[in-house]
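Report on the structure given below.
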Amino acid sequence: MYKRMITFMTVCLSLIYAEEGMWLMSQINDLDLSDKGFKITADSIYQTGKPGLYNAIVWLGGCSASFVSPDGLLLTNHHCAYAGLHRASALDSVDYIRDGFIAANQGEELPAPGQFAYVLTAIDDVTKDVLKAARYAGDLTEREKLMDKKCTQIVEETEADRDDIHCEVVKLFEGSEYRKYVFTKYQDVRIVYAPPAAIGKYGGDTDNWMWPRHTGDFTFLRVYQGPDGTAAKYAPENIPLSTPVWLKVAQQDLSDGDPAFIIGFPGTTTRYRTANDVEYTLHKHYIPMIKKYRDLLDIMDKVTLDDPESAIRLANLNAGINNVMKKYQGNVDGMLGTHFIENKRREEEEIERYVNADKKRFKRYGDIFEGMSELTGEREAFHASDEILDAFGYYSGILYYLADYAYEVARERAKPEADRDPDFSEKRIREFVEQLPNRYLGYVEAYDKAALTYTLEHARSAPAGFNYFQLPENPAAWVESAYRGTKLKDVAYMQRLFGMRASQIEELSDPLVRMAVSLYAPKFEKKERLRNWNARMNDLRMRYIELLRSYRGTPLYPDATGTIRFTYGTVKGYTPRDAVWYKPFTTLSGVIAKHTGEEPFNAPDALIAACRQGDTGNWTDPELGDVPSCFLMTGDITGGNSGSAVMNRNGELIGLAFDGNYEAMTSDWMFLEEIQRTIAVDIRYVLFITQKVAKAQWILDEMKIGL
Ligand code: ARG
């Protein structure tokens, strides 16, 4: 009986984990693709040191994209090109987000400031090197430090201070493996076609994270190289990059039940954490952050009410905050509204029983759960003051944030490069400083002041003992006078600040700089304390993953680390609530049905006209009798995957992943087989819009469509 139960459990588990996973390139071979209905072979997708389909997949630094022509034409999401569009808009005083941009021909493509494209050139397993570097470590903290140092060293040696090489060394399974990814970094990326927001962001934040969806979330970019073939910065004489591996568009219509796979760059997941971690994040992070985001958005609304120019400048920040706020809300709803945490706890209880059932196992893993609880408690004790410190940063206005960072840079620079935090190598600092003018395109003084005032007001709730500087009685008045006195509004001055020594910065009388200097010591203390905490926690987490591997008896994929991954599944709908079945396709008629004429459901006239006149070219799906708009599939993705190519059984392009569904928002913590879906924009919708609405036949010709 017992044995039968085990078999039954294994079967259930392998079913549960069937389509779960963001797999490393080196793991694709173990997935048995033909068994899952794929004609394309693992080898033609990826083989060490050989060209493969994966060469068409590009990292945008936070998003994914793919080459779709031999001349560097890149397809990604509209929301991935958003920052570049917003900066180009601020420079040209044209609202490219609202109006879109279409180049009449290749010569007229629009530079996207600060938009880079990272083309992968090598993946290496560097586990041995990294582990070896820490073999004589005295304790866990030292071990972590030595390993970090080794990773920094590998990055620096690989990049060799070259602007065109970017390297990432990532930790997998909390430190039992390490991988090195090498990229060519292209800095001249231009916008070819971005649809207007009324297509590219149709449904806006109302529909964001939701199904049924009708967003044409795509943009065409192009990667340029210098005439000599180097990855040069923008110059008018640059030429399109030749890209021998590029994705061909599917020849056949896509249907419900078809197999599909995705390759992209998922950001972060926390799939191997415990219920305690979930609860901590829920109460200490998600819930308070939602309130803060709401407040910041209200402030932004006030500032931009009658000021469209400011609205453009803040558009990117606004979209980012809205997006993450809804994601957190979805997590809260998912965690509190379902048995999410209980289910996780139940699994942990079973795992504990599994550990206790065997002496050897108990010896190796018996301390894990208790150790983790203790560490969580330890962290909780510092939470209130840590949270105040953290608030002085990215969300407290650009000027304070940069002053704070400039001083940290100066302090790090006092150390030899090899001992620095990896983000503070000379090259990373240089790259950061170079991008400062782009950051200033998002600067709006009224908002900046209000955000800092908000932070200071919040700091008044700090626990006793938080006395790193004299909190002003009247934050708004203090901020007003600080902004009158500060030189930091001038980007050239800010660039100089990043070149100053710590002692020089300490002598400045600039009020924002003074505040940054006084917060440095507690922030540094916190960073060191967390480092030590992480080292101890990582040791437990690493062994926990080892334990899960043995308990589940199935291969594991590492948590997402912003590096290239493969996931597969099928085109499939889902049940969001009792008795309701969501079909996997939406259609052009559905786009029109949502149209109210009011933002965000304001479909452009050209789109409505094309639909009314039946001018839909070859893009009607015979089964749907309509042009498909978006579709669902069961692949396992997360933020960062946005813009990833979705491919069919032959490895041909069928769409772009751009979202996840609200019902499965807790998916970063646990894969939810029944309800978790990837939302993709159908390639047929992309091409319909490009051909019939933008009338850019030349792009289709370049993609060799219908030829
Ligand atoms: N939810 C998407 C993601 O995180 C981003 C969608 C952007 N669209 C929007 N309406 N804000 O990948």
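In each ligand, atom 1 is the first atom listed, and ligand 1 is the first ligand listed.
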Looking only at side chains, do [X] and [Y] share a donor and an acceptor under 3.5 Å apart?
X    : Y    : value
S644 : N641 : yes
Q435 : N438 : yes
Y685 : H214 : no

Would you call [X] and [Y] a salt bridge, using N to O less than 4.0 angstrom?
X    : Y    : value
K583 : D256 : no
E445 : R313 : no
E431 : K185 : yes

Quick one: look up the protein heavy atom nearest [atom] and list residue, atom name and how far away it is.
atom                    : result
atom 12 (O) of ligand 1 : S642 OG, 2.8 Å
atom 6 (C) of ligand 1  : N208 OD1, 3.1 Å
atom 10 (N) of ligand 1 : G204 O, 3.2 Å

Would you check whether [X] has a nitrogen or oxygen atom less than 3.5 angstrom from a nitrogen or oxygen atom of ligand 1?
X    : result
K201 : no
D217 : no
G639 : no

Exercise. Can a non-hydrogen atom of N322 be found less than 4.0 Å from any atom of ligand 1?
Worked result: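 It does not; every heavy atom stays at 4.0 Å or beyond.
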For this session: Check D559, D668, D636 against R271 for a salt bridge (charged side-chain N to carboxylate O under 4.0 Å, His left out) and give me the one that passes.
Result: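 Only match with R271 under salt bridge (charged side-chain N to carboxylate O under 4.0 Å, His left out): D636.
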Using a 4.0 Å cutoff against the non-hydrogen atoms of [X], which atoms of ligand 1 qualify?
X    : value
N323 : 1 (N), 2 (C), 3 (C), 4 (O), 5 (C), 6 (C)
D205 : 9 (C), 10 (N), 11 (N)
F658 : 2 (C), 12 (O)

